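Count residues from 1 along the sequence. Quick caveat, the model's predicted, so the values are computed rather than measured.
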Amino acid sequence: PHRMFEYARDVTGLSFLATGSHMFREHPEAVSAWWGMYQEAVRAYDAPGRFVPYLGCEWRDKQALGGDRNLVFRDLDAPQPDATWRIAEVYDHLARIPAMVIPHVGGTASLPDFHDRRLEPLCEMTSGTGNSEWFAQAYLQKGYHMGMAGASDGHQGRPGHPRSVGSNGGHFVDLLRRRDANYGGGPLLGVLAETLTREALWEAFQARRTYATTGARALLDFRVNGALMGSLVRSSGPVRLDVAVEGTAPIARVDLIRGAHRLARWEGGSLAFDAHLEDRPPTGECYYYVRVEQSDGEFLWSSPVWVDSTAG
């Protein structure tokens with residue numbers, strides 16, 4: 001873990017990182033062997049204002065029993081997780097401490113048959129396994145309030161390195177468009193936090209002020225009636241939607257999504273993009289988010305903003 005944190009901080013210039021070693025049910029003793037080592041590493045590399053490492057791991061089970069989920073712990077002295085836990089036990093134990101559970105596609109997708117709103121503020125949109133908008137939509141369509149996350153899942157100890165599109169990987173790869181193919185690492189999580197500290201980042205995770213990127217270090221801002229991405233707002237009439245992007249390559253197009261459908265598309269052409277639109281949301285609750293495509297093939301997705309409306 002020391003080399004991984006050093007690579008993330010000094011080579012790829014990441015601001016924060018959570019570890020993600022697998023917990024194999026068949027070898028629960030392995031967790032004890034590496035948990036202390038990882039705790040030592042996060043303490044050694046914890047430098048508020050420069051680099052914030054988090055303890056984490058990938059909990060795994062059969063798809064029907066919860067699938068693959070990433071566990072992330074806020075505190076440096078977080079207790080050791082148990083590889084033999086079932087999903088209900090994961091939720092029960094982690095609800096007692098500052099922790100997050102992030103549904104992951106991976107080898108076994110953690111479909112939304114299980115969800116704990118206390119622990120799952122974020123959902124994976126893209127990872128080394130590929131883009132998974134269908135996966136995030138499965139959670140959103142159930143009415144869950146979840147922000148978007150990107151993760152490397154590179155299995156090479158080089159978090160943040162540029163993606164390299166592959167031809168295989170992931171349980172559903174044969175069903176995906178080229179846009180959604182396996183990356184072998186690269187995707188990242190962007191966050192709107194007040195400061196680069198453990199506590200400020202954690203607060204932003206919980207508030208869903210996040211966006212996912214396939215690897216581009218681009219900036220994305222999306223708001224509804226002035227409320228930041230991840231927000232829940234109320235409206236009795238039309239809402240104003242604002243999007244701004246500072247790309248790392250010219251912006252090819254920006255799609256505005258309402259629910260499961262595209263509401264609008266803008267064509268880009270330059271590194272900077274901004275647009276706004278008014279929409280009258282349907283009665284009840286709906287959600288909006290944006291999908292950005294750069295000319296170099298990189299993508300970004302904002303977290304949604306949910307609107308509870310009496311309009312319609």
Side-chain angles (χ1 to χ4, degrees), residues 1-2 4-21 38-58 69-79 81 94-104 116-127 136 145-153 159-160 186-223 227-232 246 289 300-305:
H2 290 77
M4 180 176 62
F5 286 134
E6 184 177 4
Y7 186 92
R9 184 192 65 187
D10 299 337
V11 178
T12 55
L14 299 186
S15 300
F16 59 92
L17 177 71
T19 55
S21 291
Y38 274 74
Q39 284 187 316
E40 178 186 344
V42 296
R43 291 191 182 101
Y45 284 87
D46 185 42
R50 182 188 180 194
F51 182 73
V52 180
Y54 288 95
L55 279 164
C57 58
E58 183 177 335
R69 294 170 193 258
N70 291 313
L71 315 184
V72 183
F73 303 84
R74 186 192 69 184
D75 298 338
L76 299 175
D77 60 351
L94 268 57
R96 307 173 193 177
I97 61 174
M100 286 193 301
V101 178
I102 303 177
H104 170 49
D116 192 316
R117 60 179 178 81
R118 302 170 299 173
L119 291 164
E120 295 179 321
L122 304 178
C123 179
E124 185 175 281
M125 175 65 87
T126 181
S127 75
H145 297 152
M146 303 177 76
M148 298 298 104
S152 65
D153 197 25
L188 299 169
L189 167 65
V191 59
L192 280 69
E194 292 291 336
T195 59
L196 183 54
T197 62
R198 182 171 305 277
E199 295 74 20
L201 287 170
W202 197 263
E203 185 276 330
F205 298 151
Q206 301 301 311
R208 303 175 296 268
R209 294 197 306 273
T210 63
Y211 61 96
T213 161
T214 54
R217 308 293 176 93
L219 302 178
L220 173 60
D221 187 10
F222 175 61
R223 307 184 185 213
L228 290 168
M229 62 184 89
S231 299
L232 282 67
E246 292 290 338
Y289 67 90
L300 301 92
W301 295 264
S302 76
S303 285
V305 176

Checking R9 now: which residues fulfil side-chain hydrogen bond (donor to acceptor under 3.5 Å, both in side chains) with it, not counting sequence neighbours?
none
Is D221 close to Y211 at the side-chain level, that is, under 4.5 Å between some pair of heavy atoms?
no
Under 4.5 Å between any side-chain heavy atoms of Y45 and L17, yes or no?
no
Measuring from atom CE of M229 to atom CH2 of W301, what distance do you get when rounded to the nearest 0.5 angstrom?
14.0 Å
Mind checking what makes salt bridge (Lys or Arg N to Asp or Glu O under 4.0 Å) contact with D75, not counting sequence neighbours?
none
Would you please name every residue forming a side-chain contact (heavy atoms from CB on, under 4.5 Å) with T19, sequence neighbours left out?
M4, F5, Y38
Mind listing the closest non-hydrogen atom pair of G230 and S303 along with its distance?
N-CB, 4.1 Å
Not counting sequence neighbours, which residues clear side-chain hydrogen bond (donor to acceptor under 3.5 Å, both in side chains) with Y289? List them please.
E133, Q137
Taken in chain and number order and not counting sequence neighbours, the residues that satisfy salt bridge (Lys or Arg N to Asp or Glu O under 4.0 Å) with D10 are R50
Listed partners of R208 passing salt bridge (Lys or Arg N to Asp or Glu O under 4.0 Å), at least two apart:
none
Under the salt bridge (Lys or Arg N to Asp or Glu O under 4.0 Å) rule, collect the residues that match up with R43, sequence neighbours excluded.
none
How close do T126 and A212 get, heavy atom to heavy atom, and via which atoms?
CG2-CB, 4.0 Å
Only distances under 3.5 Å count here; give the side-chain donor-acceptor pairs of residues 96-103 to other protein atoms, sequence neighbours excluded, each with its distance to 0.1 Å.
unit_1, atom_1, unit_2, atom_2, d
R96, NE, D92, O, 3.4
R96, NH2, D92, OD2, 2.5

Under 4.5 Å between any side-chain heavy atoms of N70 and D153, yes or no?
no
Pairs where residues 189-202 contributes a residue and the test salt bridge (charged side-chain N to carboxylate O under 4.0 Å, His left out) is met, not counting sequence neighbours
D46-R198
Any residue meeting ring-ring contact (aromatic ring centres under 6.0 Å, His included) with F73, in chain and number order, not counting sequence neighbours
W35
Rounded to the nearest 0.5 angstrom, the CG-CZ distance for L196 and F16 is 8.5 Å
For E203, enumerate each residue passing the side-chain hydrogen bond (donor to acceptor under 3.5 Å, both in side chains) test, keeping only those at least two apart in sequence or located in another chain.
R209
side-chain hydrogen bond (donor to acceptor under 3.5 Å, both in side chains) partners for T213, two or more places apart
none
